[in-house]
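Okay, so here's the structure we're looking at.
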Protein chains: 2
Amino acid sequence: MPKGESLGEFEHLVLLAVLRLGVDAYGMRVRREIAERTGRDVTIGAVYATLERLEAKGLVKSQIGDSTAERGGRAKRSFHLTGAGVEAVNRAQESLLSMLEGIAFPVPGGGQ
Amino acid sequence: MPKGESLGEFEHLVLLAVLRLGVDAYGMRVRREIAERTGRDVTIGAVYATLERLEAKGLVKSQIGDSTAERGGRAKRSFHLTGAGVEAVNRAQESLLSMLEGIAFPVPGGGQ
DNA sequence: ACCTGTTCTCTACTATGTAGAAATCATGCC
DNA sequence: GGCATGATTTCTACATAGTAGAGAACAGGT
């Protein structure tokens, strides 16, 4: 697997968030999801930059939703994985699993 | 978890490789391990660059081994995780797990 | 001596990740 | 109808991580 076939870490997280959020996968929501699940307080700019790069690579697609806003609000731009995106997630998962094989978590010695 | 507390993807892989290789964790061996397990054909430069950055961050330490070479060979520089390195691996693992929660792999739709 | 195999170091470049401010838009209120 | 407000997206600039390959160091065999 040569060139640009592998995901960065944050790309990975974002892709997973989009996957699990389904129809609700728009920028702000993705940000919240990652923050809640990983405790990582990312800025919205980081999310959009990543989302756009993923779109440029063909791993996600976006479409502007109806201006459905409850209270105030610009139309949401919602994202979903493409076939290539699904493949990328699956591949990343496999790589990680085989590196993880045989390691028991949590690894002792970190002194928490 | 604000600033530079999170691992890049490749850093993560390298750290896991060092962890599992134990005493055998030197540059070339790490490279081979990653190549074999993930199918990712990384260059040796990438491995050392990453290893050095991890050392700069205090997640691994290195020491030059005895010039023990079987057949030809420069002395190996072998790496091991520090306490902070172990923590980092554990933290990365947790983040990933909570993002993975509820997603069944392989995700269908990738058309392999 | 020199060739060969193994490992490590160096330099330069590209891609990813981070940060925050600013623009856009619909709504509700006055 | 104009203005403050809340929710979202877009823009610009920068810092960090990942990639690539050539070349230096070193030990042994021939």
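Because only heavy atoms are used, hydrogens play no part in the values below, and waters and symmetry mates are left out as well, while side chains stay in. So you know, we letter chains A, B, ... as the sequences are listed, proteins then strands, and number each from 1.
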Looking at [X], I'd like to know whether one of its side-chain N or O atoms comes within less than 4.0 Å of OP1 or OP2 on [N].
| X | N | answer |
| --- | --- | --- |
| B:R40 | D:dT19 | yes |
| B:R77 | C:dT9 | yes |
| A:R31 | D:dT8 | no |

For nucleotides 22-24 of chain D, give me every protein contact, N/O to N/O, under 3.5 Å, one pair per line with atom names.
| unit_1 | atom_1 | unit_2 | atom_2 | d |
| --- | --- | --- | --- | --- |
| D:dA24 | N3 | B:R74 | NH1 | 3.4 |

For [X] and [N], what is the distance between atoms [atom1] and [atom2] respectively, to the nearest whole Å?
| X | N | atom1 | atom2 | answer |
| --- | --- | --- | --- | --- |
| A:E55 | D:dT10 | CD | P | 10 Å |
| B:E11 | D:dT16 | CD | P | 12 Å |
| A:I64 | C:dC25 | CD1 | C1' | 12 Å |
| A:K76 | C:dA26 | NZ | P | 13 Å |
| A:L51 | D:dT10 | CG | C1' | 13 Å |
| A:D41 | C:dA19 | CG | P | 9 Å |
| A:E9 | D:dA15 | CD | P | 21 Å |
| A:M28 | C:dC25 | CE | P | 18 Å |

Which of these nucleotides, [options], is closest to any side-chain atom of [X]?
| X | options | answer |
| --- | --- | --- |
| B:E52 | D:dT8, C:dT9, C:dG17 | C:dT9 |
| A:K57 | D:dG21, C:dT16, C:dT18 | C:dT16 |
| A:R53 | C:dG17, D:dG18, D:dT8 | C:dG17 |
| A:A46 | D:dT8, C:dT16, C:dT18 | C:dT18 |

**Distance-minimising heavy-atom pair for A:A75 and A:I64** = CB-CG2, 3.9 Å
**Prompt:** For the residue pair B:N90 and A:P106, what are the closest heavy atoms and their distance?
**Reply:** OD1-CA, 3.4 Å
**Asked** If you pin B:F79 and A:G8 to their nearest nucleotides in DNA chain C, which one's is more 5'?
**Response** B:F79
**Prompt:** Starting at the 5' end of DNA chain C and moving along, which residue's nearest nucleotide shows up first, B:R32 or A:T50?
**Reply:** B:R32
**A:E11 CD to A:R53 CZ distance, which is reported to the nearest 0.5 Å** = 8.0 Å
**Item:** Straight-line distance of A:L7 CG to A:T50 OG1, nearest 0.5 Å
**Value:** 11.0 Å
**Item:** Backbone of B:A35 reached by a side-chain donor or acceptor of B:T38 within 3.5 Å
**Value:** no
**Message:** Please check this pair: side chain of A:S62 against backbone of A:F79, looking for a donor-acceptor N/O pair closer than 3.5 Å.
**Reply:** no
**Asked** After noting the C-alpha distance and the side-chain angles of A:Q63 and A:S78, does the key distance pass the side chain to side chain donor-acceptor pair (under 3.5 Å) rule?
**Response** CA-CA 6 Å; A:Q63 50 198 14; A:S78 72; 4.6 Å; no
